[in-house]
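Some notes on the structure that comes next.
Whatever order the structure lists them in is the order used to number ligands and atoms, beginning at 1. Note that the numbering runs from 1 along the sequence shown for the chain.
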Amino acid sequence: MRRGIISVVVLALLASLSLYRSSSLQDWLMARLSKAAMSQHWEEEQALQALVCGSASPLGVDPGRAQACIAIVTPEHLFIFDTGAGSVQRLMQSRLPLDRINGVFFTHYHSDHIAALGDLNLNSWVNGRPAPLQVYGPAGINTVVAGFNMAYQLDRGYRTAHHGEDFLPAAAGLLQAHEIDMGIVWSDAKLVIRAIKVDHSPISPAMAYRIDYAGRSIVISGDTVVTEDLFTAAQDVDLLFHDALSRDVLNVMIDAAAHVGRERIAQIMSDVIDYHADASQLEARSAAANIQQLVFYHMVPTPANPLLSIMFKRDLNGKTILAEDNMVFTLPVESREIIQR
Ligand SMILES: [Zn+2]
Ligand SMILES: [Zn+2]
């Protein structure tokens, strides 16, 4: 990482001196930068880790944020929970070892949670994933997966024809669907994933997930209002990623939209209020469930500027974290510590 930063600083210095107009210097710099970039890799830790690969909601635009995505990483596992638009760029930036991906879990099938599934499938296949990508979700998963497989059928054929069957085996380029119900949905000797019923009405079913690994635990809410089921299942967990809606911000925006005659926008913003969690309720519920760290993600609206972030935090206690893309939370085994970078 440090070598990469030094290279960028050197590049900026040379650019400012206009020395980069020399072709040989360009080649030298490009070689250094390429080697630095290609030698970077995800740093394995004896820990349960979460990468925020998408912190935005569909309401509001922030080029620095992808839509809903959390990656869960251990030395033996890699799972992706939701694949919102732009999220695969975050996974690539973070140098996650996509070739060893165990699977994707969907919370529900709103487009802001599934849009990048094709990108994830392609990138993990090209990186060397040896078998079809396993995709898990509630009822509806067979339709979603069949649709992606059909839409990318031609692309898979092009890739295999171009690179060869040995390099990109056609059979490994497919998605494989698994319809799941509430309860334990994946486990091995070290890691357990449970699906939890949540309330995103009228969208049903919708799931949250709890991940337990070596005594550490994380819950990912997906989209839901505040529900008893989630906080019961999240009792005593280390880390909770919860979707969050700021009524204060939305009320101002709804009034503004109505004031300038944008009735459709005002209507859409009014409609989202009843199927996301009111941010002002989440800290008390998390404290009652003895949750060590609450993190807001999928924020409605997306805090695309500092004013929105300040308004989002208006009634919070100062400990809750507003997720940003590429944040990493590390929960070392045999510890209660949560390290955020
Ligand atoms: Zn949704
Ligand atoms: Zn959503």
Side-chain angles (χ1 to χ4, degrees), residues 50-72 79-91 104-120 135-141 143-145 147-148 179-180 182 195-209 219-227 229-230 240-247 249-250 253-254 265 267-279 281-282 294-304 308 312 322-325 327:
L51 163 76
V52 179
C53 35
S55 60
S57 71
L59 198 59
V61 176
D62 181 345
R65 293 177 188 267
Q67 298 206 339
C69 178
I70 302 289
I72 295 292
F79 289 100
I80 312 296
F81 291 81
D82 288 336
T83 57
S87 57
V88 176
Q89 285 156 292
R90 303 289 176 254
L91 298 172
V104 177
F105 282 87
F106 286 126
T107 57
H108 64 297
Y109 305 117
H110 265 147
S111 57
D112 55 308
H113 296 253
I114 66 170
L117 179 60
D119 288 345
L120 178 59
V135 188
Y136 304 80
I141 191 67
T143 303
V144 171
V145 162
F148 271 97
E179 184 176 318
I180 54 174
M182 307 306 162
I196 306 157
K197 187 174 186 297
V198 293
D199 181 359
H200 191 36
S201 302
I203 290 80
S204 179
M207 292 174 164
Y209 291 99
V219 167
I220 300 165
S221 73
D223 287 359
T224 178
V225 295
V226 176
T227 72
D229 283 347
L230 184 142
L240 168 61
F241 290 99
H242 209 297
D243 77 320
L245 174 144
S246 169
R247 282 176 179 267
V249 177
L250 270 188
M253 291 173 70
I254 291 166
I265 302 287
Q267 171 78 47
I268 289 168
M269 287 193 287
S270 299
D271 287 348
V272 302
I273 287 177
D274 64 8
Y275 73 1
H276 289 293
D278 184 336
Q281 298 179 23
L282 289 170
L294 173 63
V295 180
F296 290 172
Y297 87 123
H298 192 290
M299 286 162 279
V300 184
T302 302
L308 281 176
F312 236 105
L322 269 54
E324 295 175 15
D325 284 23
M327 274 184 174

In the structure I gave you, are the side-chain heavy atoms of Ser57 and Asp243 within less than 4.5 Å of one another anywhere? no
Ile273 side chain reached by Ile254 side chain, heavy atoms, under 4.5 Å: yes
Which protein N, O or S atoms sit under 2.8 Å from the Zn ion (ligand 2)? Asp112 OD2, His113 NE2, Asp223 OD2, His298 NE2
Could you verify whether a donor N or O on one side chain and an acceptor N or O on the other, from Asp223 and His113, lie under 3.5 Å apart? yes
Looking only at the side chains, is there a donor atom on one of Thr224 and Asp199 sitting less than 3.5 Å from an acceptor on the other? no
Return the orientation label for the His276 and His200 ring planes: parallel under 30°, perpendicular over 60°, tilted otherwise. tilted
Angle class for the Phe106/Tyr109 ring planes (parallel below 30°, perpendicular above 60°, tilted otherwise)? perpendicular
